[in-house]
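Down below is the structure, laid out as structure tokens.
Lettering follows sequence order; numbering is per chain, from 1. Keep in mind the model is a prediction, meaning the values are calculated, not measured.
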Amino acid sequence: MQTSTDANIEMLLTDLSDAQREAVTHTDGPLLILAGPGSGKTRVVTRRAAHLACTVTDPHRILAITFTNKAAKEMQARVDVLGVANGMTVCTFHALCAKLLRWHHDRAGVPKNFTIFDRDDRRKLIKKTLVRCNLASENWSPASVEQEIGRAKNAMLTPEAYAQNYGDYQSRTYARIYETYEKLLTEMGGLDFDDLLMRMAMTLDRDGELRTELENRFHYVLIDEYQDTNAAQYKIARLLTRDRKNLCATGDPDQSIYGWRGADIENILSFEKDYPSASVVRLEQNYRSTKRILAAADSLITGNTQRKEKALWTENDEGVPVRVIAFESGEAEAFGVAQDIARQTRGGASLRQVAIFYRVNSLSRVIEEALMREGINYQIARGVEFYNRKEIRDVLAYIRVLLNPADEIALLRVINTPPRGIGATTIGRLTAAAQTAGMRVIDALMNEEILSGLGRSAAKVRVFGKLLSNLTAALELSPPKALEFVISHSGLRAMYKDEGDGDDAPRGNLDELVSAAAAYHEDNPEATLIEWLEYAALVSDVDAVAEDVDKVTLMTLHAAKGLEFDIVYVLGLEDGLLPFRRDFGGLGSEDDTEEERRLCFVGMTRARKGLTLTRARYRMMRGITQRTVRSPFLDELPEDGVECSEQGGDSGARRAGRRQPVDHGELPADVAEWTVGTLVEHPLHGLGQILSIHRGARRTHVDVQFKDGEKRSWVLEFADLKRVDFDDVGDAF
DNA sequence: AATATTCCCGTTTTT
DNA sequence: CGGGAATATT
């Protein structure tokens, strides 16, 4: 027995560097792993968990907290492969808190069946709150209230604490709004995202017994991406490890990119102060990227002043140069990238290993179109979007009401969905009557006395009440069956039956929801409906990316954290976009630039072999095309190992008057937006479509098929052709 | 009450 | 540009 364990341990330590081994074999006491990008952190962390399980503890005494569900799933899988740590708890902070709060609901002071309010719900509730407070939303914009409440909760300020902090009129009003918001939220049995963390932190703080109980349950706690923890998460981490101090934090200050939502980089920077006995392991060797990619990223991040020096190095090959390419427009950029990908793929690269990153989601549209036209398969990391679709939210709202009848936001969503003749007037009367009577809306609509005050509409409301009680039968079913039951009996399926066009038809999405729940049920046969709902509420964007499909992956830079690809494109390196600034023209704050730089660093360091940074000289955003300025980040890259194609134009021209030679002709910016199939317009001949295109050394020849049946040829540079957007033409062809 | 239409606004990133 | 809300129409 002993020998087999020894053999296991031996196995866990193979192929590790000295630093990695040190981290893996560390057992008791606080440990900080400062892990640069691509330094084998995941491997170290999983081996360490397995090592702990083999030597000093049981797997079920280990708690690992990750940043996304996808990361949790991956870590779980990698630990499972090692075969010695089955039974570990691996989840995100939010999922952990949701589970613990539900499990210990009585001690946390939350309802057993609380429902999770997402951003959309929060907005709706804020609007209701403003009405309740008699404040005009013109003066108190829901957006600013949202931000303020979020800030308060991230700082773990209750309404009372918040109110004590400031005395001016604006803050006092915010305090009043926050207080009312909390009151309504509590009445509805809801917890918003921030509550999950804040309530858990406060409960642990207050309830020493529970804290002890949990520390006795989890002897070893491991927190990944520690640089992105906020005040509440930090508090939870500290409280869970107060006595044993077996906290292993891993992270990289250079990859802290969530300051805007309350993450405090200080948490990781002051780890050694918080835990004076801490061991610190630095993982600085990069096993992922080529020398050139790493050098470029390192050169960029050096621009940050508030930073712990870190020496990144790699024994990997030099690799091909990092490319910086300027295109004329966002469309040209998208097509250029799409064509480049097509070329790389012809050279044998797999689409699975290609990723496109951008700063804002709105950039994904153009790229999608370009990829589609080039016939390149792609997937977009937007798991949340699916659950935000109207028809999906409808279903979830029904489920929410069934599980938590106090959830008025959900109730009011479904009361007339599908339309059943309960209009705004009736709803207004009903909610008003409920409020005067001091009842919940759900009780009011089942209350004959109140119904009698509704006149003719009472009958319709009664029907709805009856429907809800019929639907409660779903509560006895497994998640997929419950969904199916609700979708068919609520009338949602009938309502969406003949609506929709193509692949994002509501109907198909409803089916997909059921399938997703069925898959969940397979993986978690014991899980109840409310657990599924919780899971659905905490889905993140990256959770939706599949690894086993041959598709290019598109995502925001934020979503890219923790991932890696052979070939990476980062789009939109323009001043104001990356680094992003909301206040063009105003004074931007310096701290933001540092976080933006880290974000760019994260994106660049995802690449193993190929890295391309692109920008557009003109970019259309929210309807208007504007000239852009190249990102200052581009000037922070080394000259060595970086290849710039800034052909044409004059922005950022380094040698004025002299044309930069374009040696690698793969991506001629001006021509890139002209491809076979491109729709064009000619002043004389009208609409046409490019039949073929021949690129010569100096000229490009095109053949165009026109709508009038004629075929005509030009030298592209001299033809008076204009590109036409596909959408503008409809089914002209 | 339901649907069709216009208009107006806000502009990151997300658990 | 695009979504949501206010407004016009049936």
> With distance as the sole criterion, is a donor-acceptor pair present between the side chains of Asp394(A) and Tyr496(A) under 3.5 Å?
Replying inline: yes
>> Any salt bridge linking Arg393(A) with Asp121(A)? Criterion: basic side-chain nitrogen under 4.0 Å from a carboxylate oxygen.
In response: yes
>> So Asp252(A) and Lys41(A), do their side chains get closer than 4.5 Å, heavy atoms only?
In response: no
>> Using atom P in both nucleotides, what's the gap between dG4(C) and dT13(B) to the nearest angstrom?
In response: 15 Å
> If you draw the axis of the six-membered ring of Tyr181(A), does the NZ or CZ of Arg132(A) fall within 45° of it and under 6.0 Å from the ring centre?
Replying inline: no
> To the nearest angstrom, how far is Met621(A) atom CE from dT12(B) atom P?
Replying inline: 8 Å
> Among all residues two or more places apart in sequence or in another chain, which pass the ring pair (Phe, Tyr, Trp, His ring centres under 6.0 Å) test with Tyr258(A)?
Replying inline: Phe67(A), Trp260(A), His558(A)
> How do Thr425(A) and Ala143(A) order along DNA chain B: which one's closest nucleotide is nearer the 5' end?
Replying inline: Thr425(A)
>> Checking the side chain of Asp264(A) only, and the main-chain atoms of Ala231(A) only, is there a donor and an acceptor separated by less than 3.5 Å?
In response: no
>> Would Arg119(A) and Phe193(A) count as a cation-pi pair here, with the cationic atom under 6.0 angstrom from the ring centre and within 45° of the axis?
In response: no
> Residues in side chain to side chain contact (heavy atoms under 4.5 Å, CB included) with Asn304(A), at least two apart?
Replying inline: Ile301(A), Arg307(A), Glu594(A), Arg597(A), Arg598(A)
>> Give the residues of residues 224-236 of chain A touching DNA chain B, defined as any heavy atom closer than 4.0 Å, sorted by residue number.
In response: none
> Roughly, in whole Å, what's the span from CZ in Arg382(A) to P in dT12(B)?
Replying inline: 18 Å
>> Restricting to side chain to side chain contact (heavy atoms under 4.5 Å, CB included), what partner residues turn up for Ala249(A), sequence neighbours left out?
In response: Leu32(A), Tyr226(A), Phe271(A)
Give every pair of a protein N or O atom and an N or O atom of nucleotides 13-15 of chain B that lie under 3.5 Å apart, one pair per line with the distance.
| unit_1 | atom_1 | unit_2 | atom_2 | d |
| --- | --- | --- | --- | --- |
| dT13(B) | OP1 | Asn361(A) | N | 2.8 |
| dT13(B) | OP1 | Asn361(A) | ND2 | 3.0 |
| dT13(B) | O4' | Arg359(A) | NH2 | 3.2 |
| dT13(B) | O2 | Trp260(A) | NE1 | 3.2 |
| dT13(B) | O2 | Arg359(A) | NH2 | 2.5 |
| dT13(B) | O2 | His558(A) | NE2 | 3.4 |
| dT14(B) | OP1 | Thr556(A) | OG1 | 3.0 |
| dT14(B) | O4 | Arg119(A) | NH1 | 3.1 |
| dT15(B) | OP1 | Ser540(A) | OG | 3.3 |
| dT15(B) | OP1 | Asp541(A) | N | 3.4 |
| dT15(B) | O2 | His94(A) | NE2 | 2.9 |

>> Tell me the interatomic distance from Asn416(A), atom CG, to dA1(B), atom C1', rounded to whole angstroms.
In response: 8 Å
> Can you tell me how far P of dT12(B) sits from CZ of Arg619(A), to the nearest Å?
Replying inline: 15 Å
> With the sugar-phosphate defined as primed atoms, P, OP1 and OP2, and the base as all remaining atoms, what B/S/- string results for nucleotides 2-10 of chain C, 5' to 3', for protein heavy atoms under 4.0 Å?
Replying inline: S--S-----
> How long is the span from the NE2 atom in His94(A) to the SG atom in Cys91(A), to the nearest 0.5 Å?
Replying inline: 11.0 Å
> Is Gly623(A) touching bases, backbone alone, or none of the nucleic acid, heavy atoms closer than 4.0 Å?
Replying inline: base
>> Are more than 12 heavy atoms, taken from residues, nucleotides or ligands other than Lys73(A), located less than 6.0 Å from that residue's NZ atom?
In response: no
>> In this structure, how many angstroms lie between the P atom of dC1(C) and the CD atom of Gln626(A), rounded?
In response: 14 Å
>> Can you measure Tyr618(A) atom OH to dC1(C) atom C1' for me and round it to whole angstrom units?
In response: 20 Å
